[in-house]
Amino acid sequence: MAGPNQQYHATSKPVTVNFPFFKKINLYTLLLILFLCTFSYLFGSWRNTIVSIPCDPSKPTTTVTEEGKSLDFATHHRAGDLDVTLTSEVRTYPSCNVNLSEYTPCEDPKRSFKFSRHQLIYEERHCPEKGEILKCRIPAPYGYRNPFTWPASRDYAWYNNVPHKHLTVEKAVQNWIRFEGDRFRFPGGGTMFPNGADAYIDDIERLIDLKDGSIRTAIDTGCGVASWGAYLLSRNVLTMSFAPRDNHEAQVQFALERGVPALIGIMASKRLPYPSRAFDMAHCSRCLIPWAAFGGQYLIEVDRVLRPGGYWILSGPPINWKTHWKGWDRTEDDLNDEQNKIETVANSLCWKKLVEKDDIAIWQKPINHLNCKVNRKITQNPPFCPANDPDKAWYTNMETCLTNLPEVSANQDVAGGELPKWPERLNAVPPRISRGTLEGITAETFQKDTALWNRRVSYYKAVNNQLEKPGRYRNILDMNAYLGGFAAALINDPLWVMNVVPVQAKTNTLGVIYERGLIGTYQDWCEAMSTYPRTYDFIHADSVFILYDGRCEMEDILLEMDRILRPEGNVIFRDDVDVLVKIKKITDRLNWNSRIVDHEDGPHQREKLLFAVKSYWTAPADHQKESTTSS
């Protein structure tokens, strides 16, 4: 195969050769020779379109496109670059209307109003039908710039990227967000922590240990702009923050601009899209979730996703109501009744209330159900769930029954297996694997997969040296994460990975990913993801299109990737070469620059890589204005 600095020159003239022995060759032999020569020529020409990688990965690699131009992975639209020029190239997939710059297909406010208000069902996922799927590209707002690099992005975001000032007024007293010139500043405040998330987390840390590595994964229900999760990162706690797309403009979008993991989501009638026993800690700070309503099903759902021994933290109404009841504009009797009902549901789940101090209350889930089953023989409310799959959580209805924990033989045993503390748990064999609960996946499988992805990520960095530059990428998506090996190989870089396990995957491995101390979600890639446009800086798509072959249109998946990828964001596709050729034809029409690259094991592998860069483009200048619609 041709190297990156070699070119094929088809300039030689044909040469006529007269040798006596050719007279002895019959017609069939000549035809065979002609066929082999033609095939070799065509095969060589095709091979010349694929990039090979220098043996020395320490040297910067220049990836060359078919037009002879470098495939540029770097960003160019930073703080000082305000001039935006739209390309005049005619595209097969046109720009969508600028009013769709924040379009979230499965949480579209116009569609949601068709659904029931009961239990806020209208704010759940409701995706467009096949004939309603848009075939256009979502524009970035005029003046869009690459976000601040981490950790500065925790505190700042460009106004033009999320042009909404509503929260700066509505939440001014609570110190959520402030508008300052061309940017927003996030002081770190929240409804129940106006003095800042750091001080609030310090208060929590006085009550439970956040530094010994036993708490790694957390979930923040009704997260606001995700300041709680943002400040926990400095304590090596990785938080999945979620909030609905409601009248609080763009709160999840602000979180993502800050470089903090977040999804659009709500506790309504469906299970949260996470496996059982996923999180070491759950948090609600005045999240307005009616915890005791509907038979306590929302606390029951928290119990499902909490690890044995995990913590639930509640601040805000009704905690410390004797101090705050007047400011909350509620009666003492009402608040006292709400707290009593929450305490009753928590007790029915066999949770232990550890502490209530000032504005914070903390409960702990038991490490197993041995005593719980004994103590609940008389009052079985809620009952234990019948045998079902507690990890099934894609459009799965919530239940008002207690999820069974795996069986144990002694009171001190942790149901499902005890986890090592962080960071050891990242590379330790996860209990779901060591206990043989995942068919076909063994400890040896896990260890080989970990080593494989360490090697593959090193190869990626040899092709795209921007991967080695701290701050170039912050928000990363792995569309088919399997055991989380890709994310684990990047653990020392200043970034986070949303690990997706497709619901069509042969084995549900998302529980393993959480046991490693990583985060992720379920997703059907025939539908849109529950996130805003321009969420991710980098997308990794390993064998996604082989998995979805015949299930839905390739172009619809690629258009969704275009929606959630930032301008100048990068993608790595890993798939069969024939699939990559089809992908490239579509990405070319999306105005992406791309190049097919050999497999890390050499040119003789059918599996290849397609490295792609989304072009920078925005809405026209005449649409530079404050958005007046609700997010």
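Quantities reported herein were computed from a predicted structural model and do not represent experimental measurements. Along the sequence shown, residues are numbered consecutively beginning with 1.
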Could you give the distance from [atom1] ([X]) to [atom2] ([Y]), rounded to the nearest 0.5 Å?
{"X": "Arg154", "Y": "Thr149", "atom1": "CZ", "atom2": "OG1", "value": "13.0 Å"}
{"X": "Asp359", "Y": "Glu356", "atom1": "CG", "atom2": "CD", "value": "9.5 Å"}
{"X": "Trp525", "Y": "Ile557", "atom1": "CH2", "atom2": "CD1", "value": "9.0 Å"}
{"X": "Ile215", "Y": "Lys421", "atom1": "CD1", "atom2": "NZ", "value": "10.5 Å"}
{"X": "Leu306", "Y": "Ser276", "atom1": "CG", "atom2": "OG", "value": "11.0 Å"}
{"X": "Leu565", "Y": "Glu560", "atom1": "CG", "atom2": "CD", "value": "11.0 Å"}

[X] ring center near [Y] ring center (under 6.0 Å):
{"X": "Phe115", "Y": "Tyr122", "value": "no"}
{"X": "Phe193", "Y": "Trp228", "value": "no"}
{"X": "His164", "Y": "Tyr159", "value": "no"}

Taking [X] for its side chain and [Y] for its backbone only, find out whether a donor-acceptor pair lies under 3.5 Å.
{"X": "Gln364", "Y": "Gly309", "value": "yes"}
{"X": "Arg474", "Y": "Pro494", "value": "yes"}
{"X": "Asn499", "Y": "Ile519", "value": "yes"}
{"X": "Tyr298", "Y": "Ala268", "value": "yes"}
{"X": "Trp158", "Y": "Asn146", "value": "yes"}
{"X": "Asp493", "Y": "Leu495", "value": "no"}
{"X": "Lys352", "Y": "Pro366", "value": "no"}
{"X": "Thr507", "Y": "Thr509", "value": "no"}
{"X": "Thr403", "Y": "Arg304", "value": "no"}

For the pair Asp108 and Lys114, evaluate salt bridge (Lys or Arg N to Asp or Glu O under 4.0 Å) and give the outcome as yes or no after the intermediate values. CA-CA 11 Å; Asp108 182 8; Lys114 301 176 183 178; over 6 Å; no
How close do [X] and [Y] get, heavy atom to heavy atom, and via which atoms?
{"X": "Pro317", "Y": "Leu335", "answer": "CB-CD2, 4.3 Å"}
{"X": "Pro273", "Y": "Leu510", "answer": "O-CD2, 4.2 Å"}
{"X": "Leu272", "Y": "Ala393", "answer": "O-CB, 3.2 Å"}
{"X": "Glu515", "Y": "Leu419", "answer": "O-CD2, 3.7 Å"}
{"X": "Trp291", "Y": "Cys284", "answer": "NE1-SG, 3.6 Å"}
{"X": "Gln251", "Y": "Pro244", "answer": "NE2-O, 3.6 Å"}

[X] with [Y]: basic N within carboxylate O range, under 4.0 Å:
{"X": "Asp198", "Y": "Arg235", "answer": "yes"}
{"X": "Lys614", "Y": "Glu568", "answer": "no"}
{"X": "Arg425", "Y": "Asp280", "answer": "yes"}
{"X": "Arg271", "Y": "Asp391", "answer": "no"}
{"X": "Arg534", "Y": "Asp562", "answer": "no"}

Please verify the inter-ring angle class for [X] with [Y]; under 30° counts as parallel, over 60° as perpendicular, anything in between as tilted.
{"X": "Tyr274", "Y": "Phe279", "answer": "perpendicular"}
{"X": "Trp351", "Y": "Trp312", "answer": "tilted"}
{"X": "Phe184", "Y": "Phe186", "answer": "tilted"}

Any side-chain donor near an acceptor of the partner, [X] and [Y], under 3.5 Å:
{"X": "Asn508", "Y": "Tyr522", "answer": "yes"}
{"X": "Tyr514", "Y": "Arg307", "answer": "no"}
{"X": "Thr104", "Y": "Arg563", "answer": "no"}
{"X": "Gln504", "Y": "Asp524", "answer": "yes"}

Q | Stepwise side-chain contact (heavy atoms from CB on, under 4.5 Å) check, Ile513 with Leu483 | A | CA-CA 6 Å; Ile513 289 169; Leu483 302 178; 5.7 Å; no
What I'd like to find out is whether the side chain of [X] reaches to under 4.5 Å of the side chain of [Y], using heavy atoms alone.
{"X": "Lys211", "Y": "Asn236", "result": "no"}
{"X": "Tyr103", "Y": "Leu134", "result": "yes"}
{"X": "Cys96", "Y": "Pro139", "result": "yes"}
{"X": "Ser315", "Y": "Arg286", "result": "no"}
{"X": "Glu301", "Y": "Glu399", "result": "no"}
{"X": "Leu426", "Y": "Ile491", "result": "yes"}
{"X": "Leu233", "Y": "Trp150", "result": "yes"}
{"X": "Glu107", "Y": "Glu123", "result": "no"}

| task | Identify which one of Ser112, Cys106, Pro109 satisfies the side chain to side chain contact (heavy atoms under 4.5 Å, CB included) criterion when paired with Arg245. | result |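 Of the listed residues Ser112, Cys106, Pro109, the side chain to side chain contact (heavy atoms under 4.5 Å, CB included) partner of Arg245 is Pro109.
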Atom CD of residue position Glu424 - does it have more than 12 heavy atoms of other residues, nucleotides or ligands inside 6.0 Å?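 Correct, the count exceeds 12.
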Counting only heavy atoms not in Lys357 (residues, nucleotides, ligands), do more than 12 fall under 6.0 Å from its NZ?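 Open.
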- Message: Looking at Tyr395, I'd like to know if the NZ or CZ of Lys270 sits under 6.0 Å from its six-membered ring centre while staying within 45 degrees of the ring's axis.
- Response: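 No, Lys270 does not lie over the aromatic ring of Tyr395.
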Original post:
Given the rule in the disulfide bond (SG atoms under 2.5 Å apart) test, do Cys223 and Cys287 qualify, once you have shown the distances and angles that lead to the verdict?
Top reply: CA-CA 7 Å; Cys223 64; Cys287 59; over 6 Å; no
Given His283, which partner from the list Tyr311, Tyr200, Phe242 fulfils the ring-ring contact (aromatic ring centres under 6.0 Å, His included) test?
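The residue from Tyr311, Tyr200, Phe242 that satisfies ring-ring contact (aromatic ring centres under 6.0 Å, His included) with His283 turns out to be Tyr200.
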*asked:* Applying salt bridge (Lys or Arg N to Asp or Glu O under 4.0 Å) to Arg566 and Asp537, what does each step give before you reach the verdict?
replied: CA-CA 6 Å; Arg566 297 189 192 279; Asp537 307 299; 2.7 Å; yes
